[in-house]
Number of protein chains: 2
Amino acid sequence: MPESPPPLADRFSLDGHIGFLLRRAHQRHAAIFLDAAADVGLTPTQFAALARTVELGRVTQNLLGRLVAMDPATIQGVVRRLTARGLIARTHDPLDRRTAVLAPTAAGLALVDAAVACARRAHDTALAPLSDEERRTLIALLQKMV
Amino acid sequence: MPESPPPLADRFSLDGHIGFLLRRAHQRHAAIFLDAAADVGLTPTQFAALARTVELGRVTQNLLGRLVAMDPATIQGVVRRLTARGLIARTHDPLDRRTAVLAPTAAGLALVDAAVACARRAHDTALAPLSDEERRTLIALLQKMV
DNA sequence: GATGAATTGTTCGTATTCGAATGACCGGAG
DNA sequence: CTCCGGTCATTCGAATACGAACAATTCATC
């Protein structure tokens, strides 16, 4: 008689799979961030791009994409929505007419402070189940992993 | 004279923000998984839904969505693609004509073993920068967080 | 049995995310 | 100067991901 294989749950646990955990943790933070930043109207992705642009003052679209880990195709859409809202401005480098040079506008600079406050709240809320020590450990391990 | 505000980088570090780290870690695992599972042709999301369906044997679409943390609108598309590939089958419960009852097909059961092997490889590759102890810690902290 | 609330699944719109292809442009090799 | 590889930005298609609206159905209450 043929032996029936052991059930999948005995061979693999989706809930211990790093990809599944990262997806759920990322999802959870995104939901918390969108709630915390509802008044400033920024998504986590848009916030990252805006914050990095403010950090740098002036940056090409392509470099910005690399510094926030976004594909050229992705950063294009994010920058389009941020410029449409008047938070960053697009100019062109006359010495390299391929590039789009980005800089925060006055509105962008004015918004980024409130946005940072929202990001801090989302950070703390998302990490609420962990102690301070655990938070530092988690962040260090994620930084080591990426 | 008005004081100029301190630079953003002194007030906020995107690279220490849990949302940014989770987004990048999730991104990295997804890329690794897609590479490891290229031969079985499953995305991480599709794998999660298929694995959970195999675990349960029979499950409604809505419950499956909750068990893999997917919106009703999201699980609908994932299930549509899995059924189109003949990996899971949709029937209907005559006692509740709202629900769509899902079950793995023979092809789905046959594919899930190879897919689990790919998931294991992706798991190990994504966690390669960490020691065994660090991996356990990271997974435990993520499980505590979500 | 009727009626209103809750559940299930679908569809639409918007926002990431990436691979692939394309066009414009820069730089160096000859 | 010309050609050619590399870079930059854009576009398209496909796959998540979610809010909102909707129809069909079930359930609880009257």
Side-chain angles (χ1 to χ4, degrees), chain A residues 19-20 22-35 37-38 41-50 59-85 87-88 90-102, chain B residues 19-20 22-35 37-38 41-50 59-85 87-88 90-102:
Chain A
F20 188 62
L22 287 172
R23 178 172 149 272
R24 287 204 295 151
H26 175 243
Q27 232 173 63
R28 175 160 178 274
H29 174 273
I32 290 171
F33 186 100
L34 286 175
D35 182 65
L42 288 177
T43 65
T45 305
Q46 292 166 3
F47 167 71
L50 176 61
V59 62
T60 64
Q61 180 171 304
N62 196 274
L63 178 58
L64 175 62
R66 281 197 293 270
L67 295 176
V68 290
M70 294 180 204
D71 213 62
T74 302
I75 194 67
Q76 192 270 339
V78 176
V79 165
R80 177 164 43 80
R81 283 180 278 276
L82 288 176
T83 44
R85 278 190 57 189
L87 300 177
I88 64 178
R90 278 180 63 129
T91 57
H92 286 280
D93 185 350
L95 279 80
D96 189 344
R97 290 187 305 177
R98 296 170 301 178
T99 64
V101 180
L102 309 177
Chain B
F20 188 63
L22 287 172
R23 177 172 149 270
R24 286 204 295 152
H26 175 242
Q27 229 173 65
R28 175 159 178 273
H29 174 272
I32 292 171
F33 186 100
L34 285 174
D35 182 64
L42 288 178
T43 65
T45 304
Q46 291 167 2
F47 168 72
L50 176 61
V59 62
T60 64
Q61 178 171 304
N62 196 275
L63 179 58
L64 175 62
R66 282 197 292 270
L67 293 175
V68 290
M70 295 180 204
D71 212 65
T74 303
I75 194 66
Q76 191 269 341
V78 176
V79 165
R80 178 164 42 80
R81 284 180 279 276
L82 289 176
T83 43
R85 279 190 57 188
L87 300 177
I88 64 178
R90 276 179 65 128
T91 57
H92 285 282
D93 185 349
L95 277 74
D96 189 343
R97 292 187 303 179
R98 295 171 302 178
T99 64
V101 179
L102 311 176

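So you know, we letter chains A, B, ... as the sequences are listed, proteins then strands, and number each from 1. Only heavy atoms go into these numbers, but all of them, side chains included; no hydrogens, no water, no symmetry mates.
One can place CZ of F33(A) at 17 Å from C1' of dA17(D), the figure rounded to the nearest angstrom. Atoms CG (L64(B)) and C1' (dT7(C)) sit 17 Å apart, rounded to a whole Å. Atom P of nucleotide dA9(D) and atom CZ of R90(A) are separated by 7 Å, given to the nearest angstrom. Rounded to whole Å, the distance from CD1 on I32(A) to P on dC18(D) is 13 Å. Distance NE2 (H92(B)) to C1' (dT8(C)): 11 Å, rounded to an integer number of Å. Note: CG (N62(B)) to P (dA24(D)) measures 19 Å, nearest angstrom. Here the P atom of nucleotide dA17(D) and the CG atom of L22(A) are 12 Å apart, to the nearest Å.
For the side chain to side chain contact (heavy atoms under 4.5 Å, CB included) test, residues two or more places apart in sequence or in another chain that qualify with L34(B) are T43(B), P44(B).
Dashed line: the shortest gap from a side-chain N or O of R66(A) to OP1 or OP2 of dT7(D) is not under 4.0 Å. Remark: Q76(B) is not in phosphate contact with dT8(C), judged by side-chain N or O atoms under 4.0 Å from OP1 or OP2.
The closest donor-acceptor contact from the side chain of T74(B) to the backbone of M70(B) lies at 3.5 Å or more, if one exists at all. Under the 3.5 Å distance criterion, the side-chain polar atoms of R24(A) are left unmatched by any main-chain donor or acceptor of G19(A). Judged by distance alone, with hydrogens and angles left aside, the side-chain atoms of R23(B) form a donor-acceptor pair with the main-chain N or O of A69(A) at under 3.5 Å.
Using a 4.0 Å heavy-atom criterion, one finds that R80(A) contacts no nucleic acid atom at all.
For R90(B) and Q61(B), the side-chain atoms include at least one donor-acceptor pair closer than 3.5 Å.
Under the 30°/60° scheme for interplanar angles, the aromatic rings of H26(A) and H26(B) are found to lie parallel.
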- [ ] Classify every nucleotide of nucleotides 15-27 of chain C by which part a protein heavy atom approaches to under 4.0 Å, writing B for the base, S for the sugar-phosphate alone and - for neither, in 5'-to-3' order.
- [x] SSBBB-----BS-
